[in-house]
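Working notes, beginning with the structure itself.
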Amino acid sequence: MYVALTSDSAGGGTLLPIGGRPRRVDDVARAVREMEERRPRWVFADARHLYPELLAAGVRVARCHDLALTQGLLLAHEGRYGEARSAAAAHARLHGLPVPDDDGPAARQDTLFEPERAELGADALAEVLADQLARIEALPDPGRFRLLVAAESAGALVAAEMGHDGMPWRRDIHDELLTELLGPRPVHGMRPAKLQALADQVTAAFGHPVNPDSVQQLVKAFKGAGVALKTTRSGELKRIEHPAVGPLLAYKELARLYSFHGWAWADQWVREGRFRAEYVVGGVVSGRWATSGGGALQIPKVMRRVVVADEGWALIVADAAQLEPRVLAAMAGDRGLARAAGEIDLYSALAKAFGGERDHAKIAMLSAMYGGTSGDAPKLLAVMRERFPLAYRFVEDAAKAGEEGKLVRSWLGRTSPPPSQRWKDLVAGPDGARAARDRGRFTRNFVVQATAAEWALALLAVLRGLLPEPARLVFFQHDEVMVHCPLEQAEQVTAAVAAAAAEATRLLFGATPVRFPMEAVTVSCYADAK
DNA sequence: TGACCAAGCGCC
DNA sequence: AAAGGGCGCTTGGTCA
(Lines give C-alpha, C1' and ligand atoms only; values in the text may rest on other atoms or scores of the structure.)
Protein backbone atom coordinates (compact mmCIF):
# COMPACT_ATOMS: atom_id res chain seq x y z
CA MET A 1 0.00 0.00 0.00
CA TYR A 2 1.34 3.38 -1.04
CA VAL A 3 0.44 6.43 1.04
CA ALA A 4 1.39 9.87 -0.20
CA LEU A 5 2.37 12.30 2.50
CA THR A 6 2.74 16.06 2.59
CA SER A 7 3.34 18.33 5.52
CA ASP A 8 3.03 22.03 6.14
CA SER A 9 5.19 24.24 8.28
CA ALA A 10 2.77 23.99 11.20
CA GLY A 11 3.19 20.22 11.64
CA GLY A 12 -0.06 19.39 9.89
CA GLY A 13 -0.44 17.76 6.51
CA THR A 14 -2.24 15.31 4.29
CA LEU A 15 -2.17 11.53 4.05
CA LEU A 16 -3.42 10.09 0.80
CA PRO A 17 -3.64 6.29 0.51
CA ILE A 18 -3.25 5.70 -3.21
CA GLY A 19 -6.64 4.74 -4.57
CA GLY A 20 -8.33 6.10 -1.47
CA ARG A 21 -9.35 9.44 -0.04
CA PRO A 22 -7.06 12.14 1.31
CA ARG A 23 -7.09 12.74 5.04
CA ARG A 24 -6.06 16.09 6.40
CA VAL A 25 -4.38 15.90 9.80
CA ASP A 26 -3.15 18.46 12.30
CA ASP A 27 -0.32 16.27 13.59
CA VAL A 28 1.50 14.51 10.77
CA ALA A 29 3.96 12.72 13.03
CA ARG A 30 1.20 11.17 15.06
CA ALA A 31 -0.81 10.14 12.03
CA VAL A 32 2.26 8.54 10.46
CA ARG A 33 3.07 6.66 13.64
CA GLU A 34 -0.45 5.26 13.77
CA MET A 35 -0.54 4.23 10.16
CA GLU A 36 2.97 2.78 10.24
CA GLU A 37 1.58 -0.32 11.97
CA ARG A 38 0.18 -1.29 8.59
CA ARG A 39 3.62 -0.91 7.01
CA PRO A 40 2.67 1.28 4.07
CA ARG A 41 5.21 2.46 1.53
CA TRP A 42 5.24 6.19 2.16
CA VAL A 43 5.45 8.40 -0.88
CA PHE A 44 7.65 11.45 -0.25
CA ALA A 45 8.31 14.25 -2.71
CA ASP A 46 11.79 14.32 -1.22
CA ALA A 47 12.66 12.43 1.93
CA ARG A 48 15.40 14.92 2.73
CA HIS A 49 12.84 17.55 3.50
CA LEU A 50 10.14 15.57 5.21
CA TYR A 51 11.77 12.68 7.01
CA PRO A 52 14.04 14.71 9.32
CA GLU A 53 10.90 16.37 10.69
CA LEU A 54 9.37 12.99 11.42
CA LEU A 55 12.59 11.80 13.06
CA ALA A 56 12.69 14.90 15.22
CA ALA A 57 9.17 14.01 16.35
CA GLY A 58 10.37 10.50 17.22
CA VAL A 59 8.79 8.72 14.26
CA ARG A 60 10.53 6.24 11.97
CA VAL A 61 9.11 4.52 8.94
CA ALA A 62 10.03 1.19 7.40
CA ARG A 63 9.60 1.88 3.71
CA CYS A 64 9.24 4.74 1.30
CA HIS A 65 9.23 5.73 -2.34
CA ASP A 66 11.27 8.88 -2.86
CA LEU A 67 9.86 10.65 -5.90
CA ALA A 68 12.80 12.98 -6.40
CA LEU A 69 15.41 10.22 -6.31
CA THR A 70 13.30 7.98 -8.51
CA GLN A 71 12.77 10.75 -11.01
CA GLY A 72 16.51 11.24 -11.30
CA LEU A 73 17.05 7.53 -11.92
CA LEU A 74 14.27 7.39 -14.48
CA LEU A 75 15.28 10.48 -16.43
CA ALA A 76 18.85 9.25 -16.66
CA HIS A 77 17.66 5.85 -17.86
CA GLU A 78 15.43 7.49 -20.45
CA GLY A 79 18.34 9.47 -21.79
CA ARG A 80 16.81 12.69 -20.49
CA TYR A 81 19.67 13.60 -18.23
CA GLY A 82 19.65 17.15 -19.55
CA GLU A 83 16.21 17.67 -18.08
CA ALA A 84 17.43 16.44 -14.76
CA ARG A 85 20.33 18.87 -15.00
CA SER A 86 18.20 21.88 -15.81
CA ALA A 87 15.74 21.00 -13.07
CA ALA A 88 18.70 20.66 -10.69
CA ALA A 89 19.88 24.09 -11.73
CA ALA A 90 16.39 25.54 -11.25
CA HIS A 91 16.19 23.93 -7.83
CA ALA A 92 19.59 25.29 -6.89
CA ARG A 93 18.64 28.80 -7.94
CA LEU A 94 15.37 28.55 -6.04
CA HIS A 95 17.20 27.61 -2.86
CA GLY A 96 20.18 29.86 -3.36
CA LEU A 97 22.56 26.92 -3.76
CA PRO A 98 25.52 26.73 -6.12
CA VAL A 99 24.24 26.05 -9.62
CA PRO A 100 25.87 22.98 -11.18
CA ASP A 101 27.39 23.58 -14.59
CA ASP A 102 26.73 21.45 -17.63
CA ASP A 103 29.99 19.62 -17.30
CA GLY A 104 29.68 19.21 -13.57
CA PRO A 105 29.09 15.99 -11.70
CA ALA A 106 25.68 14.58 -11.02
CA ALA A 107 22.16 15.63 -11.58
CA ARG A 108 21.26 15.23 -7.95
CA GLN A 109 18.01 14.07 -6.53
CA ASP A 110 16.80 17.62 -6.15
CA THR A 111 16.50 17.46 -9.82
CA LEU A 112 13.10 16.75 -10.72
CA PHE A 113 10.52 19.16 -9.74
CA GLU A 114 10.25 22.50 -11.38
CA PRO A 115 10.37 25.41 -8.96
CA GLU A 116 6.69 26.15 -9.29
CA ARG A 117 5.95 22.63 -8.10
CA ALA A 118 8.16 22.86 -5.04
CA GLU A 119 5.09 22.65 -2.83
CA LEU A 120 3.38 19.60 -4.20
CA GLY A 121 0.01 18.60 -2.84
CA ALA A 122 -0.80 15.00 -2.01
CA ASP A 123 -2.79 14.55 -5.20
CA ALA A 124 0.12 15.85 -7.27
CA LEU A 125 2.35 13.34 -5.49
CA ALA A 126 -0.05 10.56 -6.42
CA GLU A 127 0.01 11.71 -10.00
CA VAL A 128 3.81 11.72 -10.17
CA LEU A 129 3.92 8.30 -8.51
CA ALA A 130 1.51 6.80 -11.04
CA ASP A 131 3.56 8.26 -13.85
CA GLN A 132 6.80 6.87 -12.40
CA LEU A 133 5.39 3.41 -11.78
CA ALA A 134 4.10 3.28 -15.34
CA ARG A 135 7.47 4.34 -16.72
CA ILE A 136 9.19 1.68 -14.63
CA GLU A 137 6.84 -1.01 -15.95
CA ALA A 138 7.71 0.03 -19.48
CA LEU A 139 11.43 -0.59 -18.94
CA PRO A 140 13.09 -3.69 -20.34
CA ASP A 141 13.64 -5.08 -16.85
CA PRO A 142 11.19 -3.46 -14.44
CA GLY A 143 12.01 -5.92 -11.67
CA ARG A 144 15.59 -4.78 -11.40
CA PHE A 145 14.69 -1.12 -11.59
CA ARG A 146 12.04 -1.56 -8.89
CA LEU A 147 14.76 -2.98 -6.69
CA LEU A 148 16.97 -0.01 -7.48
CA VAL A 149 14.19 2.41 -6.59
CA ALA A 150 13.45 0.58 -3.36
CA ALA A 151 17.12 0.50 -2.38
CA GLU A 152 17.69 4.15 -3.26
CA SER A 153 14.61 5.16 -1.30
CA ALA A 154 15.67 3.07 1.68
CA GLY A 155 19.02 4.83 1.39
CA ALA A 156 17.23 8.14 1.76
CA LEU A 157 15.72 6.91 5.04
CA VAL A 158 19.06 5.62 6.32
CA ALA A 159 20.86 8.83 5.38
CA ALA A 160 18.34 10.95 7.27
CA GLU A 161 18.48 8.60 10.25
CA MET A 162 22.26 8.62 10.39
CA GLY A 163 22.21 12.39 10.17
CA HIS A 164 19.72 12.39 13.02
CA ASP A 165 21.41 9.81 15.26
CA GLY A 166 25.03 10.65 14.50
CA MET A 167 28.21 8.68 14.98
CA PRO A 168 29.71 8.57 18.47
CA TRP A 169 32.45 11.19 18.67
CA ARG A 170 34.39 11.81 21.85
CA ARG A 171 35.29 15.49 21.91
CA ASP A 172 37.63 14.97 24.85
CA ILE A 173 39.66 12.37 22.94
CA HIS A 174 39.53 14.51 19.82
CA ASP A 175 40.94 17.42 21.81
CA GLU A 176 43.66 15.21 23.27
CA LEU A 177 44.62 13.97 19.84
CA LEU A 178 44.75 17.46 18.36
CA THR A 179 46.73 18.77 21.31
CA GLU A 180 49.18 15.90 21.03
CA LEU A 181 49.74 16.50 17.32
CA LEU A 182 49.36 20.27 17.05
CA GLY A 183 49.72 21.71 20.51
CA PRO A 184 46.92 23.28 22.56
CA ARG A 185 44.00 24.96 20.83
CA PRO A 186 45.20 28.42 19.81
CA VAL A 187 43.30 31.64 20.22
CA HIS A 188 41.66 33.17 17.18
CA GLY A 189 43.66 33.31 14.00
CA MET A 190 46.87 31.92 15.48
CA ARG A 191 48.53 28.73 14.33
CA PRO A 192 48.78 25.95 16.88
CA ALA A 193 52.25 25.88 18.45
CA LYS A 194 53.62 22.81 16.68
CA LEU A 195 52.29 24.00 13.36
CA GLN A 196 53.90 27.40 13.89
CA ALA A 197 57.20 25.75 14.82
CA LEU A 198 57.19 23.83 11.53
CA ALA A 199 56.34 27.00 9.61
CA ASP A 200 59.28 28.70 11.35
CA GLN A 201 61.56 25.85 10.30
CA VAL A 202 60.47 26.27 6.70
CA THR A 203 61.20 30.00 6.91
CA ALA A 204 64.60 29.30 8.51
CA ALA A 205 65.47 26.79 5.80
CA PHE A 206 64.88 29.41 3.13
CA GLY A 207 66.39 32.27 5.10
CA HIS A 208 63.35 34.47 4.58
CA PRO A 209 59.63 34.31 5.46
CA VAL A 210 57.62 31.86 3.37
CA ASN A 211 53.98 30.99 3.94
CA PRO A 212 53.81 27.20 3.70
CA ASP A 213 50.12 27.46 2.78
CA SER A 214 50.92 29.38 -0.37
CA VAL A 215 51.85 27.35 -3.42
CA GLN A 216 53.09 30.44 -5.20
CA GLN A 217 55.43 31.49 -2.41
CA LEU A 218 56.77 27.97 -2.09
CA VAL A 219 57.50 27.53 -5.77
CA LYS A 220 59.20 30.92 -5.82
CA ALA A 221 61.22 30.17 -2.69
CA PHE A 222 62.40 26.82 -4.06
CA LYS A 223 63.29 28.48 -7.32
CA GLY A 224 65.38 31.01 -5.42
CA ALA A 225 67.16 28.09 -3.75
CA GLY A 226 67.92 26.58 -7.13
CA VAL A 227 65.20 23.92 -7.09
CA ALA A 228 62.74 23.91 -9.98
CA LEU A 229 59.29 22.60 -9.05
CA LYS A 230 56.17 22.28 -11.15
CA THR A 231 53.90 21.66 -8.19
CA THR A 232 54.26 21.36 -4.44
CA ARG A 233 52.60 17.96 -4.19
CA SER A 234 54.11 15.81 -1.50
CA GLY A 235 55.23 13.22 -4.04
CA GLU A 236 57.24 15.78 -5.93
CA LEU A 237 58.65 17.34 -2.77
CA LYS A 238 59.86 13.96 -1.56
CA ARG A 239 62.03 13.62 -4.64
CA ILE A 240 64.08 16.73 -4.03
CA GLU A 241 66.76 17.55 -1.50
CA HIS A 242 66.37 20.73 0.47
CA PRO A 243 66.24 21.39 4.23
CA ALA A 244 62.75 22.90 3.89
CA VAL A 245 61.22 19.69 2.57
CA GLY A 246 61.09 17.79 5.88
CA PRO A 247 59.30 20.44 7.94
CA LEU A 248 57.14 21.38 4.95
CA LEU A 249 55.79 17.86 4.52
CA ALA A 250 55.11 17.61 8.23
CA TYR A 251 53.41 20.99 8.11
CA LYS A 252 51.15 20.04 5.21
CA GLU A 253 49.93 16.93 6.93
CA LEU A 254 49.18 18.63 10.23
CA ALA A 255 47.75 21.78 8.67
CA ARG A 256 45.22 19.66 6.86
CA LEU A 257 44.20 17.97 10.07
CA TYR A 258 43.90 21.32 11.79
CA SER A 259 41.77 23.01 9.17
CA PHE A 260 39.67 20.04 8.03
CA HIS A 261 39.05 18.15 11.22
CA GLY A 262 40.25 20.44 13.97
CA TRP A 263 38.49 22.23 16.80
CA ALA A 264 36.48 24.54 14.56
CA TRP A 265 35.19 21.57 12.61
CA ALA A 266 34.12 19.87 15.83
CA ASP A 267 32.39 23.04 17.03
CA GLN A 268 30.31 22.94 13.89
CA TRP A 269 29.60 19.25 13.46
CA VAL A 270 29.77 17.55 16.83
CA ARG A 271 26.99 17.97 19.35
CA GLU A 272 26.15 15.92 22.41
CA GLY A 273 28.85 13.38 21.66
CA ARG A 274 27.68 12.72 18.12
CA PHE A 275 29.08 13.67 14.73
CA ARG A 276 26.09 14.44 12.55
CA ALA A 277 26.92 14.41 8.88
CA GLU A 278 24.77 15.41 5.96
CA TYR A 279 24.75 12.54 3.52
CA VAL A 280 23.69 13.02 -0.09
CA VAL A 281 22.15 9.84 -1.44
CA GLY A 282 23.13 9.27 -5.05
CA GLY A 283 25.38 12.33 -4.86
CA VAL A 284 27.99 10.63 -7.04
CA VAL A 285 27.02 9.65 -10.59
CA SER A 286 27.87 6.05 -9.85
CA GLY A 287 25.30 6.00 -7.06
CA ARG A 288 27.80 6.28 -4.28
CA TRP A 289 26.86 8.70 -1.58
CA ALA A 290 28.40 12.10 -1.09
CA THR A 291 28.22 14.51 1.82
CA SER A 292 27.24 18.11 1.75
CA GLY A 293 28.99 19.06 4.93
CA GLY A 294 31.18 17.67 7.66
CA GLY A 295 33.25 15.60 5.28
CA ALA A 296 32.02 12.34 6.77
CA LEU A 297 33.46 10.34 3.88
CA GLN A 298 36.94 11.83 4.22
CA ILE A 299 37.64 11.40 7.89
CA PRO A 300 41.36 10.66 8.19
CA LYS A 301 42.24 7.28 9.58
CA VAL A 302 44.15 8.84 12.45
CA MET A 303 40.82 10.22 13.72
CA ARG A 304 39.29 6.80 14.14
CA ARG A 305 40.38 6.59 17.75
CA VAL A 306 37.95 9.40 18.50
CA VAL A 307 34.99 7.21 17.53
CA VAL A 308 34.18 5.28 20.71
CA ALA A 309 31.07 3.37 21.66
CA ASP A 310 29.02 4.57 24.61
CA GLU A 311 29.52 2.86 27.96
CA GLY A 312 27.98 -0.61 27.75
CA TRP A 313 27.63 -0.32 23.96
CA ALA A 314 29.70 -1.62 21.06
CA LEU A 315 30.57 -0.69 17.50
CA ILE A 316 30.02 -3.36 14.90
CA VAL A 317 32.20 -2.52 11.90
CA ALA A 318 32.06 -4.43 8.64
CA ASP A 319 33.35 -3.90 5.16
CA ALA A 320 32.92 -5.90 1.99
CA ALA A 321 36.14 -7.54 0.85
CA GLN A 322 37.16 -7.22 -2.82
CA LEU A 323 33.67 -6.06 -3.65
CA GLU A 324 34.23 -4.75 -7.17
CA PRO A 325 35.88 -7.80 -8.77
CA ARG A 326 33.16 -9.97 -7.23
CA VAL A 327 30.51 -7.71 -8.70
CA LEU A 328 32.17 -8.03 -12.09
CA ALA A 329 32.29 -11.81 -11.81
CA ALA A 330 28.59 -11.96 -10.98
CA MET A 331 27.51 -9.50 -13.67
CA ALA A 332 29.56 -10.93 -16.49
CA GLY A 333 28.43 -14.49 -15.75
CA ASP A 334 32.02 -15.60 -16.28
CA ARG A 335 32.13 -19.14 -14.90
CA GLY A 336 35.85 -19.21 -14.28
CA LEU A 337 35.96 -15.87 -12.55
CA ALA A 338 32.80 -16.63 -10.61
CA ARG A 339 34.37 -19.83 -9.32
CA ALA A 340 37.36 -17.85 -8.02
CA ALA A 341 34.97 -15.29 -6.56
CA GLY A 342 33.41 -18.10 -4.54
CA GLU A 343 36.56 -18.08 -2.40
CA ILE A 344 37.35 -15.77 0.48
CA ASP A 345 40.48 -14.47 -1.25
CA LEU A 346 39.54 -14.01 -4.85
CA TYR A 347 43.03 -13.10 -6.00
CA SER A 348 44.67 -16.16 -4.47
CA ALA A 349 42.09 -18.29 -6.22
CA LEU A 350 42.97 -16.58 -9.50
CA ALA A 351 46.72 -16.83 -9.06
CA LYS A 352 47.06 -20.16 -10.86
CA ALA A 353 45.70 -18.65 -14.07
CA PHE A 354 48.40 -15.99 -13.87
CA GLY A 355 51.49 -18.13 -13.48
CA GLY A 356 50.96 -18.64 -9.78
CA GLU A 357 51.36 -14.95 -8.98
CA ARG A 358 48.62 -13.49 -6.83
CA ASP A 359 49.89 -10.00 -7.58
CA HIS A 360 49.58 -10.57 -11.29
CA ALA A 361 45.97 -11.67 -10.90
CA LYS A 362 45.28 -8.56 -8.90
CA ILE A 363 46.86 -6.21 -11.44
CA ALA A 364 44.97 -7.88 -14.26
CA MET A 365 41.62 -7.48 -12.51
CA LEU A 366 42.26 -3.92 -11.47
CA SER A 367 43.47 -2.92 -14.91
CA ALA A 368 40.39 -4.48 -16.47
CA MET A 369 38.08 -2.56 -14.12
CA TYR A 370 39.91 0.75 -14.24
CA GLY A 371 41.47 0.82 -17.65
CA GLY A 372 45.04 0.62 -16.45
CA THR A 373 47.72 0.34 -19.11
CA SER A 374 50.99 0.86 -17.28
CA GLY A 375 53.62 -1.68 -16.30
CA ASP A 376 52.68 -5.31 -16.81
CA ALA A 377 49.02 -4.48 -17.40
CA PRO A 378 48.86 -5.16 -21.17
CA LYS A 379 50.51 -8.56 -20.83
CA LEU A 380 48.29 -9.56 -17.90
CA LEU A 381 45.16 -8.29 -19.61
CA ALA A 382 45.96 -10.57 -22.53
CA VAL A 383 45.97 -13.48 -20.10
CA MET A 384 42.69 -12.33 -18.67
CA ARG A 385 41.15 -12.11 -22.11
CA GLU A 386 42.23 -15.67 -22.74
CA ARG A 387 41.19 -17.19 -19.43
CA PHE A 388 38.16 -15.09 -18.45
CA PRO A 389 36.73 -13.98 -21.78
CA LEU A 390 33.25 -13.03 -20.57
CA ALA A 391 34.50 -10.82 -17.77
CA TYR A 392 37.06 -9.26 -20.07
CA ARG A 393 34.46 -8.55 -22.72
CA PHE A 394 32.01 -7.12 -20.22
CA VAL A 395 34.26 -4.23 -19.22
CA GLU A 396 35.69 -3.91 -22.71
CA ASP A 397 32.17 -3.37 -24.10
CA ALA A 398 31.50 -0.72 -21.46
CA ALA A 399 34.69 1.09 -22.40
CA LYS A 400 33.87 0.94 -26.09
CA ALA A 401 30.37 2.32 -25.46
CA GLY A 402 31.85 5.22 -23.56
CA GLU A 403 34.37 5.99 -26.25
CA GLU A 404 31.53 6.16 -28.75
CA GLY A 405 29.58 8.56 -26.55
CA LYS A 406 26.94 6.00 -25.64
CA LEU A 407 25.32 5.46 -22.24
CA VAL A 408 26.11 2.54 -19.98
CA ARG A 409 24.06 1.11 -17.13
CA SER A 410 24.64 -0.64 -13.84
CA TRP A 411 23.16 -4.06 -13.16
CA LEU A 412 19.94 -2.58 -11.78
CA GLY A 413 19.72 0.18 -14.34
CA ARG A 414 21.45 3.25 -12.97
CA THR A 415 22.57 5.08 -16.08
CA SER A 416 25.74 7.04 -16.74
CA PRO A 417 25.39 10.67 -17.70
CA PRO A 418 25.70 11.38 -21.41
CA PRO A 419 28.83 13.07 -22.72
CA SER A 420 28.82 16.84 -22.46
CA GLN A 421 28.98 19.18 -25.42
CA ARG A 422 32.50 20.02 -24.37
CA TRP A 423 33.46 16.36 -24.72
CA LYS A 424 31.88 16.12 -28.17
CA ASP A 425 33.86 19.15 -29.27
CA LEU A 426 37.03 17.66 -27.85
CA VAL A 427 36.48 14.33 -29.55
CA ALA A 428 36.11 16.10 -32.87
CA GLY A 429 39.37 17.96 -32.29
CA PRO A 430 43.05 17.07 -32.35
CA ASP A 431 43.01 15.58 -28.84
CA GLY A 432 39.95 13.50 -29.72
CA ALA A 433 41.48 10.10 -29.15
CA ARG A 434 42.56 11.02 -25.68
CA ALA A 435 39.15 12.43 -24.73
CA ALA A 436 37.50 9.27 -26.04
CA ARG A 437 39.85 7.06 -24.05
CA ASP A 438 39.23 9.06 -20.88
CA ARG A 439 35.50 8.60 -21.20
CA GLY A 440 36.00 4.92 -21.97
CA ARG A 441 37.82 4.58 -18.66
CA PHE A 442 34.95 6.32 -16.94
CA THR A 443 32.21 4.08 -18.38
CA ARG A 444 34.36 0.98 -17.85
CA ASN A 445 34.63 1.88 -14.21
CA PHE A 446 31.02 3.03 -13.99
CA VAL A 447 29.42 -0.34 -14.66
CA VAL A 448 31.45 -1.94 -11.88
CA GLN A 449 31.44 0.86 -9.34
CA ALA A 450 27.74 1.61 -9.80
CA THR A 451 26.78 -2.03 -9.34
CA ALA A 452 29.03 -2.30 -6.30
CA ALA A 453 27.28 0.79 -4.93
CA GLU A 454 23.86 -0.78 -5.40
CA TRP A 455 24.95 -4.01 -3.77
CA ALA A 456 26.08 -1.94 -0.79
CA LEU A 457 22.83 0.00 -0.83
CA ALA A 458 20.80 -3.21 -0.86
CA LEU A 459 22.87 -4.49 2.03
CA LEU A 460 22.22 -1.31 3.95
CA ALA A 461 18.49 -1.46 3.30
CA VAL A 462 18.22 -5.08 4.41
CA LEU A 463 20.45 -4.59 7.43
CA ARG A 464 18.38 -1.63 8.56
CA GLY A 465 15.33 -3.85 8.65
CA LEU A 466 17.11 -6.57 10.63
CA LEU A 467 18.50 -4.40 13.41
CA PRO A 468 16.91 -4.77 16.84
CA GLU A 469 16.01 -1.71 18.88
CA PRO A 470 17.90 0.31 20.00
CA ALA A 471 20.77 -0.57 17.64
CA ARG A 472 21.53 2.14 15.10
CA LEU A 473 23.35 2.43 11.81
CA VAL A 474 25.79 5.25 12.41
CA PHE A 475 28.17 5.23 9.47
CA PHE A 476 28.22 4.13 5.84
CA GLN A 477 31.18 4.66 3.54
CA HIS A 478 30.82 3.06 0.13
CA ASP A 479 31.42 -0.55 1.14
CA GLU A 480 31.65 -0.25 4.89
CA VAL A 481 28.99 0.00 7.59
CA MET A 482 29.05 0.71 11.30
CA VAL A 483 26.36 -0.14 13.83
CA HIS A 484 26.23 1.21 17.37
CA CYS A 485 24.39 -1.13 19.72
CA PRO A 486 24.23 -2.36 23.31
CA LEU A 487 27.00 -4.90 24.02
CA GLU A 488 24.52 -7.71 24.46
CA GLN A 489 23.26 -7.20 20.92
CA ALA A 490 26.70 -7.53 19.33
CA GLU A 491 26.24 -11.14 18.29
CA GLN A 492 22.81 -10.52 16.90
CA VAL A 493 24.00 -7.54 14.90
CA THR A 494 27.00 -9.47 13.59
CA ALA A 495 24.67 -12.17 12.36
CA ALA A 496 22.41 -9.53 10.83
CA VAL A 497 25.33 -8.14 8.82
CA ALA A 498 26.12 -11.56 7.39
CA ALA A 499 22.46 -12.19 6.64
CA ALA A 500 22.10 -8.82 4.96
CA ALA A 501 25.13 -9.47 2.76
CA ALA A 502 23.69 -12.79 1.67
CA GLU A 503 20.30 -11.25 1.02
CA ALA A 504 21.76 -8.34 -0.96
CA THR A 505 23.60 -10.87 -3.10
CA ARG A 506 20.43 -12.86 -3.66
CA LEU A 507 18.38 -9.77 -4.47
CA LEU A 508 20.83 -8.56 -7.10
CA PHE A 509 22.15 -11.74 -8.62
CA GLY A 510 19.85 -14.57 -7.57
CA ALA A 511 21.64 -17.90 -7.34
CA THR A 512 25.31 -17.24 -8.04
CA PRO A 513 28.49 -19.04 -7.07
CA VAL A 514 30.01 -15.64 -6.24
CA ARG A 515 30.39 -14.94 -2.56
CA PHE A 516 30.46 -11.49 -1.01
CA PRO A 517 32.27 -11.86 2.30
CA MET A 518 31.36 -9.21 4.84
CA GLU A 519 33.14 -9.89 8.10
CA ALA A 520 31.95 -7.80 11.03
CA VAL A 521 34.15 -7.07 14.03
CA THR A 522 32.99 -5.92 17.44
CA VAL A 523 35.05 -3.13 18.96
CA SER A 524 34.63 -0.30 21.39
CA CYS A 525 36.81 2.00 19.30
CA TYR A 526 36.77 2.40 15.52
CA ALA A 527 40.58 2.48 15.44
CA ASP A 528 40.63 -1.14 16.62
CA ALA A 529 38.54 -2.34 13.70
CA LYS A 530 41.41 -2.68 11.24
C1' DT B 1 33.69 42.49 -0.40
C1' DG B 2 32.13 38.39 -2.47
C1' DA B 3 32.40 35.00 -6.23
C1' DC B 4 35.11 31.87 -8.30
C1' DC B 5 39.18 28.86 -9.58
C1' DA B 6 43.18 25.86 -8.87
C1' DA B 7 46.02 23.24 -5.97
C1' DG B 8 46.38 19.74 -2.97
C1' DC B 9 45.02 15.69 -0.38
C1' DG B 10 41.70 13.00 2.52
C1' DC B 11 38.36 8.93 1.73
C1' DC B 12 36.56 4.57 -1.10
C1' DA C 1 45.52 -3.83 0.21
C1' DA C 2 46.01 -2.81 -5.09
C1' DA C 3 45.14 1.83 -9.12
C1' DG C 4 42.37 4.84 -10.88
C1' DG C 5 37.82 6.39 -11.29
C1' DG C 6 35.14 10.05 -8.41
C1' DC C 7 33.99 12.82 -4.67
C1' DG C 8 34.45 17.11 -0.52
C1' DC C 9 36.77 20.60 1.59
C1' DT C 10 40.06 24.46 2.68
C1' DT C 11 43.37 27.84 1.47
C1' DG C 12 45.47 31.27 -1.36
C1' DG C 13 44.95 34.14 -5.08
C1' DT C 14 42.51 36.71 -8.78
C1' DC C 15 38.94 39.49 -10.56
C1' DA C 16 34.96 42.42 -10.64
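Every value quoted in this text rests on a predicted model; they were computed, and no experiment measured them. So you know, we letter chains A, B, ... as the sequences are listed, proteins then strands, and number each from 1.
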Does a side-chain N or O from A/Thr232 land closer than 4.0 Å to OP1 or OP2 of B/dA7, or not?
no
If I take atom CG in residue A/Leu328 and atom P in nucleotide C/dA2, what distance separates them, rounded to the nearest angstrom?
21 Å
Nucleotide nearest A/Thr291 when distance is taken to its side chain, options B/dC11, C/dG8, C/dG12:
C/dG8
Give the nucleotide from the list B/dC12, B/dC9, C/dT14 with an atom nearest to the side chain of A/Asp479.
B/dC12
Among C/dG13, C/dC7, C/dA2, which is the nearest nucleotide to the side chain of A/Gln322?
C/dA2
Does a donor on one side chain and an acceptor on the other come within less than 3.5 Å for A/Gln322 and A/Asp345?
yes
Below the 4.0 Å mark, does C/dC9 have OP1 or OP2 next to a side-chain nitrogen or oxygen of A/Ser259?
no
Look at the side-chain N and O atoms of A/Ser234 and state whether any lies under 4.0 Å from the OP1 or OP2 oxygen of B/dC9.
yes
Does the distance from a Lys or Arg side-chain N to an Asp or Glu carboxylate O, for A/Asp397 and A/Arg444, drop under 4.0 Å?
no
Side-chain donor-acceptor pair under 3.5 Å between A/Thr231 and A/Glu236, yes or no?
yes
Tell me which of A/Asp213 and A/Gly372 sits closer to the 5' end of DNA chain C, going by the nucleotide each one is nearest to.
A/Gly372
Looking only at side-chain atoms of A/Leu366, point me to the closest of C/dA2, C/dC7, C/dC9.
C/dA2
Taking atom types as modelled and ignoring hydrogens, do the side chains of A/Tyr251 and A/Arg256 form a donor-acceptor contact shorter than 3.5 angstrom?
no
Which nucleotide in the list C/dA1, B/dC9, C/dT10 gets nearest to the side chain of A/Arg256?
B/dC9
